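Right, one structure below, let's go through it.
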Amino acid sequence: MNVKNTGMDVYRIKGGKKLQGTIKVSGAKNSAVALIPASILADSPVTIEGLPEISDVYTLQALLEDVGGKVTFSDGEMVIDPTEIISMPLPNGNVKKLRASYYLMGAMLGRFKHAVIGLPGGCHLGPRPIDQHIKGFEALGAKVTNEHGAIYLRAKELRGAKIYLDVASVGATINIMLAAVRAKGQTTIENAAKEPEIIDVATLLSNMGANIKGAGTNVIRIEGVEKLHGTRHTIIPDRIEAGTFMIMAAAAGDGVTIENVIPFHVEALTAKLREMGVDIIEKDEKIIIPKTEELQSVDVKTLVYPGFPTDLQQPFSVLLTQTVGTSVITDTVYSARFKQIDELCRMNATGRVDGRTAIISGPTPLQAAIVRATDLRAGAALVLAGLMAEGITEVREIQHIERGYSSLIEKLQGLGAAIEKVTIQEEAISKD
Ligand code: EPU
């Protein structure tokens, strides 16, 4: 047995500095991870502008290259030449690194009528089945089997169909669109999800020559076409990143302007923050949040869009530690998305989880601690807690945060935060 030292990257945050200035939001992660696979359906190069520089985007780039795609990516602009892509099996490796690798199923099926893709990875937030995706592929004529942890999809041809989703799933709505745009005839998706990212993907596909109506409503109609061509597309801003900065500004700000945000996309959060006593000024593509004096407790229920997003519930829970009174968060989307609460309690927060509900009381001064980013948005929550806490907080397992937040350290430093990424030595025991 050998004891050896290996490096581990962590975020180190000295709390207490008030955030001030301007911060710019990047392109939407949850659009990016669908737009990149969508390009497989074209017969000439697709250019996507404004992509966030996050590990999920780099992983998808690698996956496209694994199947023969020619991809360049610099300054947020990705050029994807899909002409030489082949439907090679992708059972393992990179597909396990992110949830959105499931979009390769719809895109490969749409183009080649067959695909083999490993079951996806992603954050552990409770059960995350893909039964609605599979129901959609089967309705379009594919035979779908699960063999040794990989999904096999095979179709003689894809034919349009009427598909009613039991849950308004973002992933299933997009995946069925990807498979249906080149199917024969008309597909109708009923009880479709309405998130802005779905409109963004439909816009790209339409600019590639697809015929899609109703994206952004709960009924989407797609008339299949024989071919799709390359195009240039600019991604929408990330409403979850924008929302995270809004929460940070309300909790630890002294005048913060958030740029490159569509205020309409974050309305549920804006309404909740106003209810708590936060002043929010909306101007075209900017949101300004002046210093907040006292915050009132509120109850929050996460819902599908346009309801309060589950993805913001975790950072929002940190703000609730600073309110006067007791607040209740109910997550109706995921059954186990409260792992941040235990970590926050290490930092002196008063909170507990009961099933799908978290109960948080305040105001409580937070204290620095060594904490673990158990998943992407829990990581953002702990960064915020570190910004507010007395002392030096160390956030570990930051690979989760870097899957979804582009240049977070630099952006927060730009607001005056004392945050840095450092490599610490940890003792690892290996058996030789
Ligand atoms: N669901 C099913 N069956 C399915 C699909 C979903 O029962 O076939 C259930 C899920 O278990 C969940 C609910 O439906 O309870 C919503 O799931 P959805 O399919 O809408 O989520 P997703 O597509 O897996 C995307 C985002 C998530 C975000 C959710 C909800 C991507 C890559 N991920 O996930 O983003 O929380 O929509 O808005 O777009 C994040 O960014 O941190 C993140 C987790």
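What you see is a predicted model; the values in this text were computed from it and never measured. First listed ligand is number 1; within each ligand, the first listed atom is number 1.
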Tell me every residue that passes salt bridge (charged side-chain N to carboxylate O under 4.0 Å, His left out) with R372, counting only those two or more places apart in sequence or in another chain.
E397
Measuring from the heavy atoms of [X], does anything fall under 4.0 Å of ligand 1?
X: Y102; value: yes
X: Q313; value: no
X: K29; value: yes

Any donor-acceptor N/O pair, [X] side chain to [Y] backbone, under 3.5 Å:
X: D354; Y: T357; result: no
X: T257; Y: T22; result: no
X: R154; Y: H114; result: no
X: R12; Y: V422; result: no

If we ignore angles and hydrogens, is there a donor and acceptor under 3.5 Å between the side chains of [X] and [Y]?
X: S406; Y: E53; result: no
X: E343; Y: T374; result: no
X: N94; Y: T59; result: no
X: R377; Y: Y405; result: yes

Against heavy atoms of [X], which atoms of ligand 1 measure under 4.0 Å?
X: R337; result: 36 (O), 40 (C), 42 (O), 43 (C), 44 (C)
X: L376; result: 42 (O)
X: R99; result: 24 (O)
X: R128; result: 11 (O), 24 (O), 34 (O), 44 (C)
X: G171; result: 19 (O), 23 (O)

So for atom CZ, which belongs to R352, do other residues, nucleotides or ligands contribute more than 12 heavy atoms lying within a distance under 6.0 Å?
no
Are D166 and K135 close enough that some pair of their side-chain heavy atoms sits under 4.5 Å apart?
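Yes, side chains in contact.
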Can you tell me the protein heavy atom closest to [atom] and the distance?
atom: atom 36 (O) of ligand 1; value: D311 OD1, 2.5 Å
atom: atom 8 (O) of ligand 1; value: Q132 N, 2.7 Å
atom: atom 35 (O) of ligand 1; value: N30 ND2, 3.2 Å
atom: atom 3 (N) of ligand 1; value: D131 OD1, 2.8 Å
atom: atom 15 (O) of ligand 1; value: V333 O, 2.5 Å
atom: atom 21 (O) of ligand 1; value: Y334 OH, 3.3 Å
atom: atom 19 (O) of ligand 1; value: S169 OG, 2.6 Å
atom: atom 42 (O) of ligand 1; value: R377 NE, 2.8 Å

Checking the N or O distance criterion of under 3.5 Å, is ligand 1 in contact with [X]?
X: T310; value: no
X: V170; value: yes
X: V33; value: no
X: Y103; value: no
X: A172; value: no

Where at least one partner belongs to residues 23-34, residue pairs that pass side chain to side chain donor-acceptor pair (under 3.5 Å), sequence neighbours excluded:
S26-K411, S31-D200
Residue from E394, E410, E402 passing salt bridge (charged side-chain N to carboxylate O under 4.0 Å, His left out) with K421
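Only match with K421 under salt bridge (charged side-chain N to carboxylate O under 4.0 Å, His left out): E402.
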